[in-house]
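The model shown is predicted, which means the values in this text are computed figures rather than measured ones. All ligand and atom numbering here is 1-based and tracks the order in the structure.
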Amino acid sequence: MLPFLGAFALLLSVAFGEGDQTSNSTGGYVLKQGPLDTPWTDKVGTNPWPEYPRPQMARSNPNQWKNLNGVWQYKNLTKAEWQELEKENVTIGGELEGGQAVLVPFCLESALSGVMGNFTIYSRYRTTFDVPSTWNDRVLLNFGAVDYEATVYVNGKNVAHHVGGYWSFNVDITEALNDNGTNELFLTYINCSNVHVFDPTNLDPYNIPLGKQKLIPEHIFYTPCSGIWQTVWLESVPSDNIDKLDIHADADGKINVTIHTSSQLTVADFVLYETGSTDIKAKLQVPVNEAVEFPVDSIKLWSPDSPTLYNISVTLGNDTVQSYTGFRTVSRGVIDGVQRPLLNGEFIFWFGTLDQGYWPDGLHTPPSLEAMVFDIKALKEVGYNMVRKHIKVEPALFYQACDQLGLMLIQDMPALATSQVWVEEWPACPIKAPSLEQRTVQREFDRQLEILIEQHKSYPSIVTWVIYNEGWGQPSEHYDGVQNYTIDYDLTNLVRQHDQSRLVNTVTGWFDHGAGDFHDNHHYSSPQCGTPWYSDAAVPYDPTRIAIQGEFAGIGQNVTAEHAWKVRKSIEEVQKTYELDATVEIWNLRAHMIFKELQFQIENFACSGAVWTQTTDVEGEVNGMLTYDRRINRMNKEQWKADIKALYDAATTRNGSNGTVYLGSRGEMGI
Ligand SMILES: *[C@@H]1O[C@H](CO)[C@@H](O)[C@H](O)[C@H]1NC(C)=O
Ligand SMILES: *[C@@H]1O[C@H](CO)[C@@H](O)[C@H](O)[C@H]1NC(C)=O
Ligand SMILES: *[C@@H]1O[C@H](CO)[C@@H](O)[C@H](O)[C@H]1NC(C)=O
Ligand SMILES: *[C@@H]1O[C@H](CO)[C@@H](O)[C@H](O)[C@H]1NC(C)=O
Ligand SMILES: *[C@@H]1O[C@H](CO)[C@@H](O)[C@H](O)[C@H]1NC(C)=O
Ligand SMILES: *[C@@H]1O[C@H](CO)[C@@H](O)[C@H](O)[C@H]1NC(C)=O
Ligand SMILES: *[C@@H]1O[C@H](CO)[C@@H](O)[C@H](O)[C@H]1NC(C)=O
Ligand SMILES: *[C@@H]1O[C@H](CO)[C@@H](O)[C@H](O)[C@H]1NC(C)=O
Ligand SMILES: *[C@@H]1O[C@H](CO)[C@@H](O)[C@H](O)[C@H]1NC(C)=O
Ligand SMILES: *[C@@H]1O[C@H](CO)[C@@H](O)[C@H](O)[C@H]1NC(C)=O
Ligand SMILES: *[C@@H]1O[C@H](CO)[C@@H](O)[C@H](O)[C@H]1NC(C)=O
Ligand SMILES: *[C@@H]1O[C@H](CO)[C@@H](O)[C@H](O)[C@H]1NC(C)=O
């Protein structure tokens, strides 16, 4: 959607006040009453996200890892405090005087965090932990994600510094541990000696990958997420250990594995198990730190209808990790004259939702695994086979759930900001103002794009990477000032250097300059998917690439106060929804009309996939399959199942039927 750049105005919460405490179980933590909750909010307690968080490289035996989620101390720093930290030697550690309780891993702006703050630009966290006495090897400290820049101290020692709000990172803290038991973990993200500092969100002049976050939320931009927002945990590893596994398995039964390690060991044991059993299907020794490919006989393929997975274990010396894979091939081919995305050599229509992954109680962090999986199941139930994960990255368990339940993923890179706010209170890092020229911003974006792919390329469910959403953060010139959009091609090549096994959607919507595997159009509410007509600054369909409709529909239906995001500005902005239908019945009727239009485009033009806006309502947007609180499912399920099945049937019938094919204004009318 095009950003609506409205006037600067204050967020006003209309429904909370003093004394909203609903629990007080630990350390003064109190669940805040936010503008809206979900059926899971009250079940979170103070032991959130207890699940083992890294399913593709699991050391999940209970005596190998320890979850540090729970109540920590938090302090919002003033400008004066962070200036002190910058200028002087400050003892890092000890109680946070004037601090408060925070529930990790929920964003500081969320009700579940117990803080529900705003403008949490400079923050400090503190907790203490002990290391089980049975752990006598190396100890790694893992963060699922911290938004945006984190400096980590253990017992006063600076052990890690990390930039990027969506990525996991870990550090070996063995040398920093105390011999006598209790350790102190201290995390801050004030660090102005670097280019990108703290969590500026869209604070002027910073420009960081941030997706839909805005300090002052409005219309299609939402409350930001600061600080720790995914599981924090410790693990025990032998000194010779596996750092990373890259696993890709294709429809021909070939597995391509790279076992990364910094140890001196050179060979690992790789075991593939029969699906759903502990019988060994294949076992071999593989050299480490190089890509090794080998065939496996009589495998069952992964697809959305049949999401077959195979367990794996890899042993390097005394280190054993569990993983899994699915055999499938994503490619591109011409079928009856039309460019198609192929899964295992076949064209199936890709039909998904725009999936923002926002929660009224946890913002970027779902309240629980059960809640997160609820969304996926609601989509699968009516026949969606895909989601477009929209300029956000999820916890690893989300991708595992898509692998297990059978949902293809188009994964977006989180976008740079579309606008900045200037706030007098924070003249950003005035002491050492960082260089924020476009080249610096772009290099950081490129670096984080590579991390996105490296951290997610082993999930079978991901079928396509998206670099740019519309023109958001897309420079109109090359790094070197050349105004020819070669950057679209450079970044497409960069993605392909890291992953040749998927398709690349360089630009979803409008700002296309010919790069990548798709020509992707956005149009509301009616689709224009591979059609010979177009509008809204789109360019004519390019028949040399796959046509998809990366966004459409977006039809809405207002909610009653009990399901609304009770923030005055959001409620006032409900009317900006592309279309508001008077009742749920009318909404379903309109959906049916739009489905028939899309079906016609599949039957007659080059349309290969489409993304319906959107999975849930988000803040002031009321156009979800589900309301923001997940309490109402608007879909007339029987109608949606029939309408979605008709899309798949239309695509299948088109396969080989040789109906009239319009290949776009740059192509010719086929026969
Ligand atoms: C931030 O929160 C404070 C305290 O709740 C409130 O007074 C202030 O208006 C909020 N600021 C904005 C910009 O929403
Ligand atoms: C919650 O805990 C804090 C600190 O332990 C205490 O000061 C406060 O009175 C408690 N509140 C309630 C409602 O029990
Ligand atoms: C800060 O610490 C360093 C190293 O410990 C020391 O050399 C330096 O003099 C200290 N600076 C101040 C202002 O105390
Ligand atoms: C943090 O501090 C800033 C500036 O002092 C203030 O505007 C903001 O509301 C504070 N946020 C919280 C959560 O205390
Ligand atoms: C543990 O050791 C550290 C440094 O070695 C010391 O600072 C701390 O006070 C000790 N803690 C206890 C409980 O003895
Ligand atoms: C800031 O980051 C640099 C390296 O990126 C690190 O050396 C330095 O210690 C950090 N400063 C603070 C106060 O965390
Ligand atoms: C195996 O994967 C690596 C990347 O991990 C890739 O460079 C290589 O080409 C692949 N090998 C084959 C035979 O596909
Ligand atoms: C993989 O192993 C786990 C744990 O033993 C088991 O629960 C799961 O069913 C296995 N999955 C497959 C696909 O075999
Ligand atoms: C594995 O552990 C055993 C027992 O602690 C040790 O003797 C051996 O050297 C270790 N092997 C490797 C490869 O580290
Ligand atoms: C675009 O710019 C790049 C980088 O400067 C240059 O290599 C390329 O030749 C240019 N392409 C065209 C078509 O001008
Ligand atoms: C939407 O519903 C809310 C009540 O939940 C109401 O205050 C608001 O005026 C309605 N907006 C529109 C555009 O109908
Ligand atoms: C459709 O047309 C193509 C190209 O003309 C031809 O190769 C193919 O056999 C035709 N398929 C059918 C089912 O007629």
What protein heavy atom lies closest to [atom]? Include the residue and the distance to one decimal.
atom: atom 6 (C) of ligand 7; value: Q500 OE1, 3.6 Å
atom: atom 5 (O) of ligand 7; value: T258 OG1, 4.1 Å
atom: atom 1 (C) of ligand 7; value: N256 ND2, 1.4 Å
atom: atom 13 (C) of ligand 9; value: G317 CA, 4.0 Å

Residue Q264 excluded, over 12 heavy atoms near CD under 6.0 Å: no
Sub-4.0 Å atoms of ligand 1 with respect to non-hydrogen atoms of F119: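 In order of numbering, the contacting atoms are 13 (C).
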Heavy-atom pair with the smallest gap, counting every atom of E109 and G117: CG-O, 3.3 Å
Least distance between heavy atoms, I571 atom then K566 atom: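 Heavy-atom minimum between the residues: CD1-CA, 4.2 Å.
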Atom pair CE (M57) and CG (D246), whose distance is rounded to the nearest 0.5 Å: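 If we round to the nearest 0.5 Å, M57:CE and D246:CG are 10.5 Å apart.
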Aromatic ring pairing Y52/W65, orientation class (parallel under 30°, perpendicular over 60°, tilted between):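 Y52 and W65: perpendicular rings.
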Salt bridge present between D517 and R496 (N-O < 4.0 angstrom):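 So D517 pairs with R496 through a salt bridge.
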Sub-4.0 Å atoms of ligand 7 with respect to non-hydrogen atoms of E293: 12 (C), 13 (C), 14 (O)
Centroid separation Y273 to Y324 less than 6.0 Å: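 Between Y324 and Y273, which both carry aromatic rings, the centre distance is not below 6.0 Å.
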Heavy atom of protein inside 4.0 Å of atom 3 (C) of ligand 7, strictly below: yes
Heavy atom of protein inside 4.0 Å of atom 11 (N) of ligand 9, strictly below: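 For atom 11 (N) of ligand 9 the answer is yes, since some protein heavy atom falls inside 4.0 Å.
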Numbered atoms and elements of ligand 9 in range of N318, under 4.0 angstrom, heavy atoms: 1 (C), 2 (O), 3 (C), 8 (C), 10 (C), 11 (N), 12 (C), 14 (O)
